[in-house]
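Reading through the structure tokens given below for one structure.
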Amino acid sequence: MSISSINYGSSVLGAQIRNINQQLTDLSTQLSTGKLSQSYSGMGTNEGFAIASRAQLSNIAAYTDTITNVNVNINLANTALQSLTTIRNTVQTGSAGTSQDLNVNGQTVAQNTAAAQFGSMVGVLNTQSGNRYLFSGTAYNTQSVADAGDIINGTTTQAGLKTVMAERQAADLGTNGMGRLVQSTLPSGAIQVQEDSPTSPFGLKIAAVSSTLTGATVTGPSGSPVAFSVNLNGVNPSNGDKLSVKFTLPDGSTEQIDLTASTATPTPVGSFAIDPGNPNVIPPVPSNPAVTSANLNTALNTAITKLANTSLVAASAVAAGDNFFNTAGSATANAAGTGNLSSYTSTTGTGSVALQDSALAAASATTSLDSSATPHLNGAVLNALANAPTGTTLTITGASGAHTITFDPTVTTVTTAGGNTTIGLASGSAAKMSDILNAVATAAGVPSANVTLSASGNIQIATGTGTDVAVTGGAAATALGLSSVTRGSVASTPPITGSTVLSGTATTGGPEVLSTAFQAGSAGPPVVNPDTITVNGQTLTFVASGASGPNQINVTDNVTTLLGKIDQLTGTTKPSTIHGGVITINTDDPGSLNITSSNSTAFAALGFTTSPVTAAKAPLRVGSSPLGSATTLVNGSANTVKWYTGNDGPGSARSTAVARVDDSVTVQYGAQADENAIRTQLQAIAVFGTFSTSPTGQYSGAQVAALSLRTTQALTPQAGQQKIEDIQTDIAMAQNTMKDASTRQTQAKAQLQNIVDQAESASPDQVASEILSLQNALQASYQTTANLAQLSLVKYL
């Protein structure tokens with residue numbers, strides 16, 4: 001038999017030795033690298049956790065880079081915003097100063113400072129971080145604001161702020177320099193002041209008139225265009241009596257003119273002279289109310305001219321700045337046509353009997369009621385009234401209830417007590433027809449002027465606007481031909497007002513109602529759909545009652561309520577208005593304004609004769625020439641510098657720059673130069689620094705003073721309006737969010753790294769111990785191998 005040799009390499013012992021040797025090699029590698037293995041397969045069962053942890057560590061590293069970059073942008077933006085605050089405070093301090101000394105260019109030192117600060121502000125708003133403009137929103141590759149010189153002075157093809165201000169000033173002052181007001185004397189002798197156009201946005205607008213002038217009649221403000229009148233009625237006012245007129249200016253501010261009647265010589269400023277006449281000549285010349293009225297006319301003209309050339313000029317500059325810088329706009333309706341309203345108004349009733357005197361002539365107020373006088377009231381009428389021997393009674397019910405007029409054939413006097421009158425018809429009576437007229441007026445509670453005799457002798461009774469006049473039938477009523485007079489719903493022609501009701505029937509003492517009205521619809525049959533007004537795609541529905549929310553309105557509501565509902569739907573920050581019968585819809589976003597109605601006839605009764613209602617987009621320019629008689633503002637984007645050149649799309653400015661700083665955390669840190677806080681500051685400083693006037697003009701100092709006041713107010717942060725500090729707060733919150741995220745990520749990073757280390761790192765002590773153990777095992781294996789290697793068959797046997 002043959003004996004095969006021992007194959008050491010394939011023996012179990014040899015395999016064990018190789019395995020131990022490989023382990024020694026692996027452990028040596030672990031000891032030198034600190035890693036369990038050089039491949040994932042050798043890492044063990046926890047390597048899956050390590051891989052996931054490495055992915056999270058990679059994300060954290062990316063977030064850390066993002067936070068670092070965003071912090072750089074925010075810090076630069078915050079520095080810029082702090083500079084804007086400093087600029088604001090500097091200009092505000094200057095504008096609040098009292099010095100109005102003008103240089104040769106017609107500006108103050110404070111205005112020169114503002115002009116320089118405007119350039120600085122433009123530079124700040126064009127701050128870059130790398131290749132990113134910080135105040136351009138999403139258009140971060142685009143310069144935020146046009147160059148300062150172009151904004152103020154324009155370019156060769158586009159007008160700047162200076163041109164827009166000059167055009168607006170000419171339009172606001174008007175051709176006569178009186179703020180688009182027309183002053184005249186009416187045939188009655190009354191002094192009238194009227195706006196030159198019902199739809200013009202320019203000039204002074206008459207807001208209110210009040211008077212303590214003795215004997216004077218003040219009418220208005222009313223009509224379309226709005227006007228007021230003052231008639232002294234041939235009576236001199238008393239010393240100290242006052243006429244006050246309040247105006248609304250183009251920038252929304254109000255100013256009041258007070259004119260005081262005065263006997264002082266010389267006449268004080270803000271007063272008009274009461275004509276003293278001339279008592280020192282023979283014969284003495286009495287005081288002449290016509291001269292006093294002329295003095296009032298002159299004083300009123302002077303006061304309006306001064307207001308127009310001082311505060312109005314300043315307000316015009318502010319309004320022009322708003323037209324140039326602000327994106328807001330408005331839509332102005334036409335003046336509503338006449339005859340669109342019905343009202344419950346005074347009615348005059350004419351007696352059915354034409355009263356005659358004893359000479360068969362038409363009776364007059366002086367006709368006697370004494371049958372023995374010549375002439376006297378027709379005998380048949382007197383006999384009916386006297387009804388001897390008892391007399392007759394006429395009962396009239398008016399504003400203060402029922403009262404009686406007693407015709408007594410036994411007395412000769414006329415007495416009145418508590419609204420009741422007794423008229424004596426006995427021979428020798430001093431009573432006249434005028435006593436009957438006055439008694440009727442007293443009983444009805446209406447002015448004596450409301451009860452008259454016509455040329456034909458008919459008694460006429462006008463109800464007035466406060467109450468009806470009810471006449472109880474009987475012998476006296478028949479004899480005089482009197483019957484009840486009731487006010488009625490009649491067509492009327494005054495302009496619509498805020499109190500005009502949108503639908504329904506005019507009521508006693510109530511406001512006018514649209515005669516072409518909106519309807520609530522009906523469930524039928526037949527079914528009638530309710531009228532609607534669609535505002536920027538949102539529907540406002542008319543209901544009979546119980547309207548709720550911004551999308552419903554009662555048909556019994558008025559124009560003011562309607563405008564409020566429309567404003568809710570457009571979201572405007574400037575309420576819409578009605579003045580002189582003309583509605584103006586204000587909007588913060590003229591480009592999106594679109595208003596239509598399912599009832600075009602009722603809509604037209606409000607003055608909206610074209611559909612849809614839209615607004616001109618900014619920048620706005622005076623719409624026609626000559627400027628002094630223009631009545632519209634139009635879009636001027638084609639020929640006017642666009643001051644803001646960054647992103648102007650929808651959404652908040654902060655959302656124009658968004659960064660993810662954690663798996664579930666994003667921060668918004670964008671900014672735009674056209675944000676309200678920044679825009680209003682830039683606008684106020686630009687207007688103040690650009691405005692100039694004649695260095696020697698009569699009103700120049702007052703113009704600058706009025707503008708300085710408005711600039712100070714515009715630069716004073718107002719409650720409820722965005723401030724520069726609010727923007728800083730927003731981006732500070734973003735920084736705080738990132739700081740919190742960074743803190744969490746630092747903690748997570750340590751934990752994740754620990755997981756990786758535990759899964760992949762080799763302990764030097766453990767590896768050394770294992771190497772020593774393997775070395776001992778290997779040595780023993782080698783000794784055993786050596787002994788086996790010396791074994792022969794002989795020795796084996």
Side-chain angles (χ1 to χ4, degrees), residues 210-212 214-219 222 231 233 235 342-353 355 363-367 369 377 381 384-385 391-408 411 413-425 429-454 457-490 492 494 499 505-513:
S210 61
S211 167
T212 60
T214 302
T217 301
V218 175
T219 304
S222 59
N231 194 336
N233 294 317
V235 178
S342 60
S343 57
Y344 208 76
T345 57
S346 171
T347 301
T348 299
T350 301
S352 58
V353 175
L355 301 175
S364 68
T366 59
T367 300
L369 302 184
L377 186 60
V381 176
L385 295 176
T392 58
T393 300
L394 178 64
T395 300
I396 296 178
T397 303
S400 55
H403 294 93
T404 59
I405 302 172
T406 302
F407 296 94
D408 191 340
V411 299
T413 57
V414 178
T415 57
T416 300
N420 300 310
T421 303
T422 299
I423 298 176
L425 299 181
S429 173
K432 298 180 172 58
M433 271 300 304
S434 58
D435 292 310
I436 295 179
L437 303 180
N438 291 336
V440 171
T442 300
V446 299
S448 58
N450 284 31
V451 183
T452 58
L453 273 177
S454 68
N458 295 87
I459 296 178
Q460 295 177 321
I461 304 174
T463 62
T465 58
T467 185
D468 298 328
V469 177
V471 178
T472 302
T478 301
L480 296 172
L482 301 182
S483 58
S484 298
V485 182
T486 304
R487 291 164 299 156
S489 181
V490 298
S492 54
S499 60
T505 303
T507 58
T508 303
E512 286 107 358
V513 178

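As the structure is a computational prediction, the values presented were derived from the model and not from experiment.
- Leu453 and Ala365 get closest at one heavy-atom pair: CD1-N, 3.8 Å.
- At a cut-off of 3.5 Å, with distance as the only test, no side-chain donor of Thr413 or Thr415 sits close to an acceptor on the other residue.
- Here Thr217 pairs with Asn233 under the side-chain hydrogen bond (donor to acceptor under 3.5 Å, both in side chains) rule; sequence neighbours left out.
- For Thr214, the side chain to side chain contact (heavy atoms under 4.5 Å, CB included) criterion is met by Ser238, Asp241, not counting sequence neighbours.
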Atom pairs and distances, donor-acceptor, side-chain atoms in residues 399-407, under 3.5 Å, two or more places apart:
from: His403; atom 1: ND1; to: Gly401; atom 2: O; distance (Å): 3.3
from: His403; atom 1: ND1; to: Ala443; atom 2: O; distance (Å): 3.3
from: His403; atom 1: NE2; to: Gly418; atom 2: O; distance (Å): 3.3
from: Thr404; atom 1: OG1; to: Asn420; atom 2: OD1; distance (Å): 3.4

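- Here the side chain of Thr392 pairs no donor or acceptor atom with the backbone of Ala476 at under 3.5 angstrom.
- For the atom pair CG of Leu394 and CD1 of Ile436, the computed distance is 9.0 Å after rounding to the nearest 0.5 Å.
- Side-chain atoms of Thr463 do not come within 3.5 Å of backbone N or O of Val485 as any donor-acceptor pair.
- Applying the side-chain hydrogen bond (donor to acceptor under 3.5 Å, both in side chains) rule to Ser484 yields no partners; only residues at least two apart in sequence or on another chain are considered.
- A pairwise comparison of heavy atoms in Gly424 and Ser429 identifies O-OG, 2.6 Å as the closest pair.
- The only option from Thr366, Leu355, Asn438 that meets the side chain to side chain contact (heavy atoms under 4.5 Å, CB included) definition with Met433 turns out to be Leu355.
- Nearest approach of Ser483 to Val471, heavy atoms of both residues: O-CG2, 3.6 Å.
- Taking every heavy atom of both residues into account, Ala384 and Ala475 meet most closely at O-CB, 4.5 Å.
- Expressed to the nearest 0.5 Å, how far CD1 of Ile461 lies from CG of Leu482 amounts to 5.0 Å.
- Looking only at side-chain heavy atoms (C-beta outward), Thr486 and Thr347 stay at 4.5 Å or farther from each other.
- Using a 4.5 Å heavy-atom threshold, the side chains of Ile423 and Asp408 count as separate.
- Between Leu385 and Leu369 there is no side-chain heavy-atom pair separated by less than 4.5 Å.
- Shown here are the side-chain hydrogen bond (donor to acceptor under 3.5 Å, both in side chains) partners of Thr421, two or more places apart in sequence or in another chain: Thr416.
- Remark: side-chain polar atoms of Asp435 are paired, donor with acceptor, to backbone N or O of Lys432 under 3.5 angstrom.
- With sequence neighbours excluded, the residues satisfying side-chain hydrogen bond (donor to acceptor under 3.5 Å, both in side chains) with Asn458 are Ser456.
- Ala444 is linked by a side chain to side chain contact (heavy atoms under 4.5 Å, CB included) to Ile396, Val446, Val469, counting only residues two or more places apart in sequence or in another chain.
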